[in-house]
Amino acid sequence: MGLLSLSIWVPIAFGALLLAMGREGQANAVRWLALIGALVGLAVTIPVVTGFDTTTAAMQFGEKALWIERFNIHYHLGVDGISMWFVPLTAFITVIVVIASWQNITERVNQYMAAFLILSGLMIGVFSALDGMLFYVFFEATLIPMYLIIGIWGGPNKIYAAFKFFLYTLMGSLLTLVALIYLYTQSGGSFEILDWHKLPLSSTAQTLIFFAFFAAFAVKVPMFPVHTWLPDVHVEAPTGGSAVLAAIMLKLGAYGFLRFSLPIAPDASHQWSGLMITLSLIAVIYVGVVALVQRDMKKLVAYSSVAHMGFVTLGFFMFNSLGIAGGLVQMIAHGFVSGAMFLCIGVLYDRVHSREIAAYGGVVNTMPKFAAFALLFAMANCGLPATAGFVGEWMVILGAVQYNFWIGLGSATALIFGAAYTLWMYKRVYLGPVANDHVKELKDINCREFLVLGVLAVAVLVMGLYPKPFTDVMDVSVAELIKHVAISKLN
């Protein structure tokens, strides 16, 4: 069993062990076992980072074994510069969520922690799979633990939100399954994704495949106009569910565009790039305006996620290195920043049991340490230089200006809207005099909460101040992808 298999199956094994403990198991023992499982899961991803060769675009840490012989389906894993960082990022966010959920989950603790650990392994499987059917199995399997997390531990409308989440994402994926089967037949009975990259497909076939993939990946991102499920799900999901959904699960769709849509259907990707750029700009600008009028903090940050993920898809479909690398950096940065913002909202909700902006005011007077962390994450969400939120957006804007000045100008306006809705929320929640007795009685963050927010703050600052380790990993693979798409377009 190689490093990638360990990264997938270690957290799943610990999750299964937690389920075997039963609901009557002691909650503290369950929490500690979940933390150990998450930490071991993170530890086995570290050699993937330290042993990664940044000078090649080839797949690394490969593992391959026959899975279903009749259909030539393999258990085939590997990562390149496009996918590598998402393996440790997933494991890292899982550790953060386990610690953050230490006290606010009191019912079915073993099932809650098990769901997150199993989800972690499945998401790493998505980023590592090099067999199309294996990818599809992992991609669809992630719906199950997240559906349970929302439907069992969510808010008052949790059943509605969980059903909407499952329905939207499952319906889009059915067309993707059809595309995978078509590619299997066209390649002579192979599910190898890298073989599919070499298929000489007709223009019509590429267009149909492109939109089949679009149906699944656009919903998962989510892109405008199929984004409407996300705010409802974020509002009802527990804090840990919102953090993982924003930090990792949304990235599965964006990753799918790079692994499937662009290399398999390059001509169609160029042909329909105008549509993708238009939808991305609408997400960046229009959804940013929608965020301005939100009264619920979670819903505001949910719309913010749609806008920031719009930067990702915008960067991907401009076919230059700055745009694609910037989109990848934005995916990682958004994982840190959005996860931190949802955890900050969770800190307030645990104390006041309200997500309404109007229920707060003057929090800085009673929770100064917490307000300082919240300010850092708010500034990162605005794209302040020296924070993680700036690097990816700046690279995408530069790539957009190279592609078309007016598209670059339109994308840059998102920084204005991002600052407007984020700082407007921060002003009303944290600044000014104490607004009511609930705020007056608030106590500042404890050691556990300080640890969670402190680790995320370090990650946001390190990536903002020194992004080179992140971009070095991506450069060769991004260049190879652009070369592949460009050559195919010429043919």
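Residue numbers start at 1 and run along the sequence shown. These numbers were taken from a predicted model, which means no experiment stands behind them.
- Put simply, the side chain of Leu384 reaches to within 4.5 Å of the side chain of Thr387, judged on heavy atoms.
- Side chains of Ser187 and Asp195: no donor on one and acceptor on the other come within 3.5 Å.
- Just one of Val455, Thr94, Val452 meets the side chain to side chain contact (heavy atoms under 4.5 Å, CB included) condition when paired with Ile99; it is Val452.
- Taking the side chain as every heavy atom from C-beta outward, Phe127 and Lys251 approach each other to under 4.5 Å.
- Not a single donor-acceptor pair under 3.5 Å links the side chain of Ser83 to the backbone N or O of Val79.
- Atom CG of Leu409 is separated from atom OG1 of Thr413 by 7.0 Å, given to the nearest 0.5 angstrom.
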Between Val476 and Thr56, does a side-chain contact (heavy atoms from CB on, under 4.5 Å) hold up when you go through it step by step?
CA-CA 6 Å; Val476 178; Thr56 177; 5.6 Å; no
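- Of the possible polar contacts, none joining the Ser242 side chain to the Thr239 backbone as a donor-acceptor pair under 3.5 Å is found.
- Nearest heavy-atom pair across Glu63 and Leu4 is OE2-N, 3.3 Å.
- When side chains are defined from C-beta on, Phe165 counts as touching Met146, because their heavy atoms get closer than 4.5 Å.
- The minimum heavy-atom distance between Met133 and Ile73, with the atom names listed, is CG-CD1, 3.7 Å.
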Could you go through the side-chain contact (heavy atoms from CB on, under 4.5 Å) check for Cys344 and Leu453 one step at a time?
CA-CA 8 Å; Cys344 284; Leu453 298 180; 4.0 Å; yes
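- Closest heavy-atom contact between Cys382 and Thr422: SG-CB, 3.7 Å.
- By the 30° and 60° cut-offs, the orientation of the rings of Phe470 relative to Trp85 is tilted.
- Ring orientation note: the planes of Phe138 and Trp9 are tilted relative to one another, at an angle of 30° to 60°.
- Under the 6.0 Å cut-off for aromatic ring centres, His270 and Phe317 do not qualify, their centroids lying 6.0 Å or more apart.
- In this structure a side-chain-to-backbone donor-acceptor pair under 3.5 Å is missing from Asn110 to Val30.
- In this structure, a donor-acceptor pair under 3.5 Å is present between the side chains of Ser304 and Asn381.
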Leu343 and Phe377: side-chain contact (heavy atoms from CB on, under 4.5 Å), yes or no, with the steps?
CA-CA 11 Å; Leu343 291 172; Phe377 300 135; over 6 Å; no
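- Here the closest non-hydrogen pair linking Ala91 and Ser120 is CA-OG, 4.3 Å.
- Proximity of a side-chain donor or acceptor of Thr176 to a complementary backbone N or O of Ala212 within less than 3.5 Å is detected.
- Checked against a 6.0 Å centroid threshold, the rings of Tyr75 and Trp67 do not count as neighbours.
- Between the side chain of His197 and the backbone N or O of Pro263, no donor-acceptor pair lies under 3.5 Å.
- Looking at Ile277 and Phe316, their side chains never come closer than 4.5 Å, going by heavy atoms from C-beta outward.
- Ring geometry for Tyr112 against Phe116 counts as perpendicular: the plane angle is over 60°, on a 0 to 90° scale with 30° as the lower cut.
- Between Phe214 and Phe257, the ring-plane angle classifies as tilted under the 30° and 60° cut-offs.
- Atom CG of residue Leu77 and atom CD of residue Gln60 lie 14.0 Å apart, to the nearest 0.5 angstrom.
- Note: Ile407 CD1 to Leu281 CG = 6.0 Å, rounded to the nearest 0.5 Å.
- Using bins of under 30°, 30° to 60° and over 60° for the plane-to-plane angle, the ring pair Phe217/Phe213 lands in the parallel bin.
- Salt-bridge annotation for Glu192 and Lys64: present, with a side-chain N of the basic residue lying under 4.0 Å from a carboxylate O of the acidic one.
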Would you check, one step at a time, whether the test side chain to side chain donor-acceptor pair (under 3.5 Å) holds for Thr45 with Ser7?
CA-CA 6 Å; Thr45 67; Ser7 301; 5.6 Å; no
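- For the residue pair Leu201 and Leu183, the shortest heavy atom distance occurs at CD1-CD2, 3.9 Å.
- For Phe311 and His308, the gap between ring centers reaches or exceeds 6.0 Å.
- At a threshold of 4.5 Å between non-hydrogen side-chain atoms, the residues Leu89 and Phe336 count as touching.
- No hydrogens or angles considered: nothing links the side chains of Tyr136 and Ser173 as a donor-acceptor pair under 3.5 Å.
- The pair Arg259-Asp80 meets the salt-bridge criterion, since a charged nitrogen lies less than 4.0 angstrom from a carboxylate oxygen.
- Between Thr169 and Lys220, the side chains place no donor N or O within less than 3.5 Å of an acceptor N or O (distance only, hydrogens not considered).
- Taking CZ of Phe86 as the start and CD1 of Ile248 as the end, the distance is 8.0 Å to the nearest 0.5 Å.
- Counting heavy atoms from C-beta outward, Met84 and Ser477 have side chains that stay 4.5 Å or more apart.
- Checking Ser305 against His334 by side-chain atom types alone, a donor-acceptor pair falls below 3.5 Å.
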Step by step, work out the ring-ring contact (aromatic ring centres under 6.0 Å, His included) result for His76 and Phe191.
CA-CA 10 Å; His76 190 188; Phe191 275 107; over 10 Å; no
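- With a 4.5 Å cut-off on side-chain heavy atoms, Ser269 and Val485 do not count as touching.
- For the atom pair Ser321 OG and Met474 CE, the distance stands at 12.5 Å (nearest 0.5 Å).
- More than 12 heavy atoms of other shown residues, nucleotides or ligands fall within 6.0 angstrom of atom CH2 in Trp153.
- Atoms CD and CG, on Glu140 and Leu170 in that order, are 5.5 Å from each other to the nearest 0.5 Å.
- Between Phe135 and Phe260, the ring planes are tilted. Angles from 30° to 60° get that label.
- For the pair Ser101 and Asn104, the minimum side-chain heavy-atom distance is below 4.5 Å.
- Thr142 places a side-chain N or O within 3.5 Å of a backbone atom of Phe139 that can act as its donor or acceptor partner.
- Aromatic ring centroids of Phe71 and Tyr184 lie 6.0 Å or more apart.
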What do the steps show when you test Asp475 against Thr54 for side-chain contact (heavy atoms from CB on, under 4.5 Å), and what is the final call?
CA-CA 8 Å; Asp475 286 343; Thr54 60; over 6 Å; no
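- Looking at every heavy atom in both residues, Asp267 comes nearest to Gln206 through N-OE1, 2.9 Å.
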